[in-house]
Amino acid sequence: MPDVENERLEIPHAAAEGADAQSPTAAPAQPKPAVKLGRSIVMTSGKGGVGKTTTTANIGTALADAGMSVVVVDADVGLRNLDVVLGLENRVSKHLLDVIEEKCTLDEALVRDRVRRNLHLLPAAQNREKDDVPEDKMAALMGQLRERFDFVLIDCPAGIEQGFRNAVIGAQEAVVVTTPEVSAVRDADRIVGLLPQAIVIKLVVNRVRPAMVRKGTMMSVADVNAILRLDLIGVVPDEREIIIATNRGTPVIDIEGSETGAAFRRIARRLLGEDIPIPAFEDKGNFFSRIMTTLGVGRS
Amino acid sequence: MTGKSFVVTSGKGGVGKTTTTANVGCALATLGKQVVLIDADIGLRNLDLVLGLEKRIVFDVVDVAEGRCQPRQALIRDKRLEGLYLLPASQTKDKESIGEDQMRDVVNKLSKEFDVVLIDCPAGIEHGFRNAIAGADEAIIVTTPEVSAIRDADRILGMLGTRRTRLIVNRVRTEMVKTGDMLGVDDVAEILGRDVLGVIPDDEEIIDTTNRGEPVVLDPTRRLSKTYIAIARRLMGENVPLPSFDDDGLFGRLRRLMIGT
Amino acid sequence: MQIKGTKSGLLLHLYERPLITAVAELRRRLDATPEFYKGSRAVLMLGSAEAEPAELAAIVATLEQFGIVADGAVCEGDVTASLARSAGLRLVAASVAAAPRSKDDRTDPGGRSNGRMKSTTTRSGQGDEARAEGAAADGNAYHKGTVRSGQSLAAAGNLVVVGDVNAGAELTAVGDIVVWGSLRGVAHAGAQGDDLASVYALRLEPTQLRISRCIASAPPPDKRRARTVSPEIAKIRDGKIVIVAAEA
């Protein structure tokens with residue numbers, strides 16, 4: 001047996017990684033297309049009423065303000081709302097299903113925003129059923145949209161049925177929206193388990209009320225992400241302005257001084273790759289003032 | 001005896017169906033009724049969480065439908081309230097695991113043993129929704145005074161057939177109604193064209209009690225407790241006047257103009 | 001009438017009616033090698049068609065004469081399920097019935113008649129199954145990553161998860177369950193009746209624990225001794241599920 005130098009083996013103590021911290025993996029490598037394809041992102045949640053549609057509308061608007069060409073797709077066949085939130089319901093004539101069934105062209109169905117010329121809406125059909133949309137045609141249409149727009153944001157219906165499956169089929173990325181409530185987090189977790197492995201998932205925690213978190217009557221963002229273990233790209237505070245804005249069809253980001261609006265703008269910038277730390281929100285009466293932490297309250 | 005079955009539905013998600021089902025169920029039980037709550041949201045169950053009964057689930061509605069157990073084995077008896085039972089949904093299956101006929105069967109079987117059957121409906125208008133309404137005699141639509149919710153409620157009105165349908169208007173913020181930033185109860189009732197079974201004010205308390213699995217009705221000192229009891233009473237046929245709220249809404253104001261008050 | 005042998009015992013296909021006709025055939029087959037099956041367990045596949053309790057009793061009695069314990073039934077429907085229950089047979093899911101047992105089978109053969117038996121359905125998990133990867137020949141399974149609400153994992157041997165198991169998720173194993181993370185969902189170890197099976201977790205905060213035929217829900221967090229974040233083991237002691245701290 002040769003004379004072997006036994007070196008002392010030093011095992012470096014690595015920082016413990018979460019067993020399943022969803023790292024922002026790149027989408028599976030694709031052959032470089034001739035036309036640069038836009039990003040298709042499904043905005044989903046599982047639980048209804050957590051703010052998917054409002055989030056989709058506001059992030060879409062913020063991305064448009066940042067110079068991107070954006071189409072927001074209402075995949076909620078039969079219960080459409082994205083048009084109302086954007087204040088465009090009076091301009092809707094054709095819809096997604098008409099395009100898929102070749103009753104009209106894509107251009108005839110797209111509704112251009114009144115203010116932002118680079119923001120479009122593809123409305124859902126109101127009087128049809130979700131089973132009417134075949135998955136492969138949906139995927140093909142999303143592909144078409146990716147050729148024309150920098151961002152395709154797909155507003156997903158609540159639930160885990162065919163409507164959900166249709167919304168997911170054309171997406172490469174997902175933003176899971178949840179509120180800091182037990183039921184919402186449970187449903188979000190279910191959704192994560194149903195999303196295809198290849199999809200890159202990010203998390204937005206909506207309707208946070210710092211005062212309640214401090215009192216211990218609401219989960220903190222850390223509590224939420226201890227369960228969901230996702231890449232957090234936004235924390236949105238709760239404000240009464242949201243209801244007023246939604247009812248009026250104005251994006252919240254257009255409301256002066258709205259912390260909620262500011263949060264949506266930051267989410268858009270993070271989607272564009274900017275590394276903005278997530279602020280810790282403090283409640284001062286009716287105002288939320290941001291306290292920027294140097295480290296940023298990001299992944300828990 | 002044959003009890004009556006009600007589906008608690010909405011169209012729009014997140015308006016408070018599950019919380020309402022839980023609390024109205026508790027309220028009915030405190031009034032001495034034998035009540036069973038059925039969670040029809042298969043794959044996204046929450047009624048068990050809201051009731052604080054999730055740890056006692058062994059069988060669920062899909063097991064009953066597929067004959068793996070008797071309904072009685074799947075029912076969870078609430079230990080805090082006499083007469084309140086839960087038939088939970090499955091979490092690991094999806095809504096296609098059960099059909100309308102099966103649901104109807106389950107509801108019919110349970111109606112023979114309970115005064116009231118409340119069915120918690122999933123959001124949306126797909127398979128799960130159709131299953132949930134299949135066995136129901138009447139419908140209760142929960143809505144908030146917001147455009148999207150009212151629109152969705154309107155949509156499902158058309159899918160409920162000839163069933164008696166009444167409204168519960170949830171999360172009403174009186175100050176916002178007064179400033180005209182929110183629709184009033186009268187407005188909502190006018191748009192949807194149905195009687196109002198109850199009006200529930202927006203209250204932060206609900207979030208905490210829901211998270212902790214302690215329905216607010218269990219604590220008679222809480223303000224919302226009385227609201228749900230009133231709803232339960234109306235459901236049982238009592239003539240309990242709706243609170244005035246001092247909320248005028250558009251139609252209320254018009255009406256007062258005309259009457260001259 | 002068919003008899004199939006699996007690693008965990010016998011599977012009897014009893015779909016013919018009237019069921020009593022199966023008795024003669026069963027006796028004939030067992031008579032051919034009377035000692036061969038002694039000490040085995042049998043799961044009866046009863047299908048969905050009606051039968052008389054007396055007929056089923058005759059089948060069970062015949063098996064006992066050859067030293068075979070009938071301890072489970074796979075039923076397709078309410079009718080046969082109540083039939084099975086009336087004969088004291090626990091209901092078993094089809095895939096678990098065929099699953100091989102863990103190698104050291106220490107189940108007490110007399111376990112069926114002790115007082116604490118509850119009738120539970122051993123779930124195999126249908127629908128959205130996160131199939132445990134690397135299911136080895138001995139039935140052990142290993143999964144890396146968070147098990148999400150609504151997902152189920154099943155193992156015919158032992159089950160190891162490196163990651164969290166979230167509330168709403170279900171784990172089932174014929175043997176032990178080990179979670180290198182937080183166990184918040186439902187875990188069923190010893191699913192075929194192994195009372196010596198255990199559940200291990202770095203953080204044991206399950207919605208519900210099942211070991212063999214015992215079911216227990218964890219006490220509410222504030223009742224447990226001050227929020228210990230230490231590894232724990234759940235096992236059966238004196239007929240009940242207890243949680244003990246894992247010793248170094």
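Chain A is the first sequence line, chain B the second, and so forth, proteins listed ahead of strands; every chain is numbered from 1.
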Inspect the surroundings of CG in A:Asp275 and state if more than 12 heavy atoms from other residues, nucleotides or ligands are less than 6.0 Å away.
no
Please report the shortest heavy-atom distance between A:Arg186 and C:Ser149, naming the atom on each side.
CD-OG, 3.5 Å
Are any side-chain N or O atoms of A:Asp189 and backbone N or O atoms of C:Arg148, one a donor and one an acceptor, separated by less than 3.5 Å?
no
Going by side chain to side chain contact (heavy atoms under 4.5 Å, CB included), name the residues that satisfy it together with A:Lys137, two or more places apart in sequence or in a different chain.
A:Ile100, A:Pro134
C:Glu50, CD atom: more than 12 neighbouring heavy atoms under 6.0 Å:
no
Within the distance-only criterion (no hydrogens, no angle test), does the side chain of C:Asn166 pair as donor or acceptor with the backbone N or O of A:Ile227 below 3.5 angstrom?
yes
Listed by chain and number, what are the salt bridge (charged side-chain N to carboxylate O under 4.0 Å, His left out) partners of A:Arg39, not counting sequence neighbours?
A:Glu173
